[in-house]
Amino acid sequence: MLGGTGEGREIAARLAGSGDLEVVTSLAGRVRDPRWPEGEVRVGGFGGAEGLAEWLVENDIRALLDATHPFASRITANAHRAARTCGIPFALCRRPSWAQHPLDRWFPARDLSHAAQLVPTLGTHAFLTIGRQGVSAFAEVNGVSFLVRSIDPPTGTMPVPHELILARGPFDVESELELMRRHGIDVVVTKSSGGDQTYAKVVAARQLGLPVVVVERPPVPDGVDSFDSPAAAASWLESAGR
Ligand code: NAP
């Protein structure tokens with residue numbers, strides 16, 4: 001299983017100690033202090049689709065489940081290719097996207113550079129909560145100060161001016177409201193990540209009537225089984241992997 005998400009940890013926990021099925025979770029190794037899944041874990045990139053295919057063969061892997069983050073599109077494309085090369089079953093576990101509430105003021109963005117174009121049309125004090133990667137897409141935005149929040153420090157060119165907060169969810173609505181008020185936030189930028197861990201910022205923005213730039217998810221490969229619950233994905237892996 002390709003992990004790095006809460007869903008991946010839940011699937012690993014569900015399958016831990018399930019008889020003769022051995023589950024290995026793979027983490028990219030990006031976060032300095034990752035939340036560790038139960039069971040066997042390996043860490044680090046494979047070296048593209050070819051490297052992953054070799055690893056699958058060497059380790060006699062019978063089925064591959066991609067439970068990575070909806071925005072981790074490179075590893076998903078690599079996994080799809082590698083599974084086809086090896087002729088093993090492949091499926092995705094993707095948490096559902098957040099549904100827009102009637103009071104939400106959402107501005108969809110095709111990608112991070114589109115989001116960077118939208119921000120200065122909507123506000124001057126932006127709360128940038130898109131994770132560590134991709135912050136540099138906002139480096140050329142003028143006339144906007146950014147409050148950047150990520151688990152580990154972003155790499156690459158930062159927008160100017162900015163303030164950085166290092167924090168890991170889950171966050172609650174009260175603290176998100178307090179943060180947004182204290183920093184005079186007038187526009188929020190988020191990925192369409194889904195899940196409970198970071199939804200509080202969406203609720204807080206709704207309560208404050210703030211516009212939210214929502215970066216849309218990259219597409220998933222065609223014709224691949226996709227489960228939106230860890231329970232369903234775990235039972236798929238349990239039967240496909242034996
Ligand atoms: P990505 O752009 O799709 O992948 C970049 C490269 O990282 C891949 O080509 C692969 O290297 C390696 N990689 C990614 N996930 C891996 C895994 N589970 N096991 C082993 N290698 C992996 O991925 P990303 O957006 O950098 O995300 C990296 C990890 O962080 C993922 O596991 C994802 O679930 C997690 N994550 C991402 C986000 C996000 O917003 N993107 C948010 C939360 C968590 P090789 O080509 O060398 O194999």
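Counting starts at 1 for both ligands and their atoms, in listed order.
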query = Do we get Arg95 above Phe227's six-membered ring, with its NZ or CZ under 6.0 Å from the centre and within 45° of the axis?
reply = no
ask   = Would Arg30 and Asp152 pass as an ion pair if we require N to O under 4.0 Å?
value = no
ask   = side chain to side chain contact (heavy atoms under 4.5 Å, CB included) between Ser193 and His69: does it pass, once the steps are laid out?
value = CA-CA 8 Å; Ser193 297; His69 191 270; 3.6 Å; yes
request  = Enumerate the protein residues lying less than 4.0 Å from ligand 1, judged by heavy-atom distances, in chain and residue-number order.
outcome  = Gly3, Gly4, Thr5, Ser26, Leu27, Ala28, Arg30, Arg42, Gly44, Gly45, Phe46, Gly47, Gly48, Thr68, His69, Phe71, Ala72, Ser73, Arg74, Ile75, Asn78, Gln133, Lys191
inquiry  = Given the ring of Phe46, does Arg42 sit roughly above its face, with NZ or CZ under 6.0 Å from the centre of the six-membered ring and within 45° of the axis?
reply    = yes
query = Quick one: do Arg14 and Glu238 make a salt bridge, cutoff under 4.0 Å?
reply = no
request  = Please list all pairs passing the side chain to side chain donor-acceptor pair (under 3.5 Å) test where one or both residues lie in residues 196-216, with sequence neighbours left out.
outcome  = Asp104-Arg206, Thr129-Lys201, Thr190-Lys201, Tyr199-Arg206
